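Written out below as structure tokens is the structure these notes cover.
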Amino acid sequence: RHLLGPQAPQLAAAQPDRTAGEAAVAPARDPAPERPRVLLMPEQETTLVAQAVGRIERLGGGLGDSFRAGATLVAFDCAEQEARLKIGRAELESARRSLEAKERLEALKAAGEIEVQIAKAAVDRAAAQVELANVQIAQCRIRAPFRGRIAKLHVREHQGVNVGQPLMDIVGDGPLKLRLNVPSRWLAWLAVGHEFRVAIDETGRRYPATVSALNARVDAVSQSIEIEARIVGTHP
């Protein structure tokens with residue numbers, strides 16, 4: 001895609017995975033308004049990563065599939081973590097019984113206070129182990145933080161992964177935002193809340209938008225400033 005105007009930055013070329021278009025942002029009094037290129041992107045998007053070493057048992061969808069908030073997107077084999085939880089629960093039960101016995105002996109003057117305190121510490125330690133096992137089991141299911149669609153898959157089912165390894169890219173199915181660079185001289189009249197219309201190449205339509213943020217710095221080389229905007233309304 002080519003640029004419109006000598007001062008417009010090459011945003012569309014720099015990030016081809018984003019939908020591009022052009023915006024008529026300048027006021028109506030401008031006889032020849034510049035139409036900078038824009039990037040259209042979701043309000044929410046992220047890359048899910050593995051939180052532990054493991055083997056993927058199931059993926060919650062394929063490329064482009066939609067999902068609801070809270071849905072399981074990646075499920076790991078948790079046999080080892082579940083076994084650790086059983087061990088932890090057994091140790092916790094044993095520690096509690098030992099504490100009860102020490103407390104009865106203390107009441108009969110057959111055990112000292114230090115023995116009881118040691119037994120209580122053993123219970124606390126076993127309870128912490130159970131809590132840790134529950135946390136590890138919770139990491140075996142990666143759930144969607146918001147409603148959206150799968151944009152990219154980095155792994156496959158039955159594949160082993162390491163901590164921090166990317167699993168999938170997801171994008172939100174909610175409000176859309178725009179990002180564009182405009183001439184810095186527009187700051188004389190451009191402000192948050194300014195309304196304009198944006199033409200999206202892929203749909204061939206124009207949509208209402210509102211400026212939502214202005215960058216705090218003007219680029220000294222291109223003499224432009226980055227702004228963000230929001231699409232007004234909900235559109236497919």
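Predicted model only: the values in this text are computed from it and were never measured. FYI, side chains are in, hydrogens and waters are out, and symmetry mates aren't considered; it's all heavy atoms of this structure. Residue numbers run from 1 in the order of the sequence given.
- More than 12 non-hydrogen atoms from other residues, nucleotides or ligands lie less than 6.0 angstrom from CZ of R55.
- Here I150 is tied into one hydrophobic group with L48, I56, L59, F67, L73, V74, F76, I142, F146, L153, V155, V161, L167, M168, I170, each link being a pair of ILVMFWY side chains closer than 4.5 Å.
- No donor-acceptor distance shorter than 3.5 angstrom exists from the side chain of D124 to the backbone of A126, with no hydrogens or angles considered.
- We find that E106 and K102 are not joined by a salt bridge, their nearest charged nitrogen and carboxylate oxygen being 4.0 Å or further apart.
- Using a 3.5 Å distance cut-off with no hydrogens or angles, the side chains of D219 and S224 do not pair a donor with an acceptor.
- Here the closest heavy-atom approach between residue P183 and residue I225 is recorded as O-CG2, 4.5 Å.
- A salt bridge does not link D77 to R58: none of the charged side-chain nitrogens sits closer than 4.0 Å to a carboxylate oxygen.
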### Task
For the pair I118 and V116, evaluate side-chain contact (heavy atoms from CB on, under 4.5 Å) and give the outcome as yes or no after the intermediate values.
CA-CA 5 Å; I118 292 176; V116 175; over 6 Å; no
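- Using a 4.5 Å heavy-atom threshold, the side chains of V135 and I137 count as separate.
- Taken together through direct or relayed side-chain contacts under 4.5 Å among Ile, Leu, Val, Met, Phe, Trp and Tyr, W189 and V218 form part of one hydrophobic cluster.
- Annotation for A151 and V171: closest pair CB-CG1, 4.1 Å, computed over non-hydrogen atoms.
- Note that CD of E82 is 11.0 Å distant from CG of N134, once rounded to the nearest 0.5 Å.
- Smallest separation of non-hydrogen atoms from L176 and P42: CD2-CA, 4.0 Å.
- No path of Ile, Leu, Val, Met, Phe, Trp and Tyr side chains, each step under 4.5 Å between heavy atoms, connects L132 with V53, placing them in separate hydrophobic clusters.
- Listed here is the closest heavy atom pair of T72 and R143: OG1-NH1, 2.9 Å.
- Using modelled atom types, one side-chain atom of E115 and one backbone atom of G112 make a donor-acceptor pair closer than 3.5 Å.
- For the pair Q159 (side chain) and R156 (backbone), a donor-acceptor distance under 3.5 Å is present.
- Atoms CG and CZ, from N215 and R179 in turn, are 9.5 Å apart once rounded to the nearest 0.5 Å.
- More than 12 heavy atoms of other residues, nucleotides or ligands shown are found within 6.0 angstrom of CD on E157.
- Atoms CG and CZ, from L99 and R97 in turn, are 12.5 Å apart once rounded to the nearest 0.5 Å.
- Residues E80 and R84 are paired through a salt bridge, judged by an N-O separation under 4.0 Å between the basic side chain and the carboxylate.
- With Q165 contributing its side chain and N162 its backbone, the two residues share a donor-acceptor pair below 3.5 Å.
- Residues meeting the ring-ring contact (aromatic ring centres under 6.0 Å, His included) test with H154, sequence neighbours left out: none.
- If you take CD on E57 and CZ on R141, they are separated by 6.0 Å, rounding to the nearest 0.5 Å.
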Could you tabulate the donor-acceptor pairs under 3.5 Å formed by side-chain atoms of residues 229-236, not counting sequence neighbours?
residue: R230; atom: NE; partner: E43; partner atom: OE1; Å: 3.1
residue: R230; atom: NH1; partner: S212; partner atom: OG; Å: 3.2
residue: R230; atom: NH2; partner: E43; partner atom: OE2; Å: 3.4
residue: H235; atom: NE2; partner: V232; partner atom: O; Å: 2.9

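- Using a 4.5 Å cut-off on side-chain heavy atoms (C-beta onward), D201 and R37 make contact.
- Inter-residue side-chain proximity for V182 and L180 is flagged as met; some heavy-atom pair is nearer than 4.5 Å.
- At distances below 3.5 Å, at least one donor-acceptor pair connects side-chain atoms of R197 with backbone N or O atoms of R206.
- Of all non-hydrogen atoms in T210 and E195, the two that sit nearest each other are OG1-CG, 4.0 Å.
- Residues Q81 and C140 come closest through the heavy atom pair CD-SG, 4.1 Å.
- The CZ atom of F196 sits 5.5 Å away from atom CG of L178, with the distance rounded to the nearest 0.5 Å.
- Within a 6.0 Å sphere centred on CG of L108, heavy atoms belonging to other residues, nucleotides or ligands number more than 12.
- With rounding to the nearest 0.5 angstrom, the NZ atom of K120 is 13.0 Å from the OG atom of S98.
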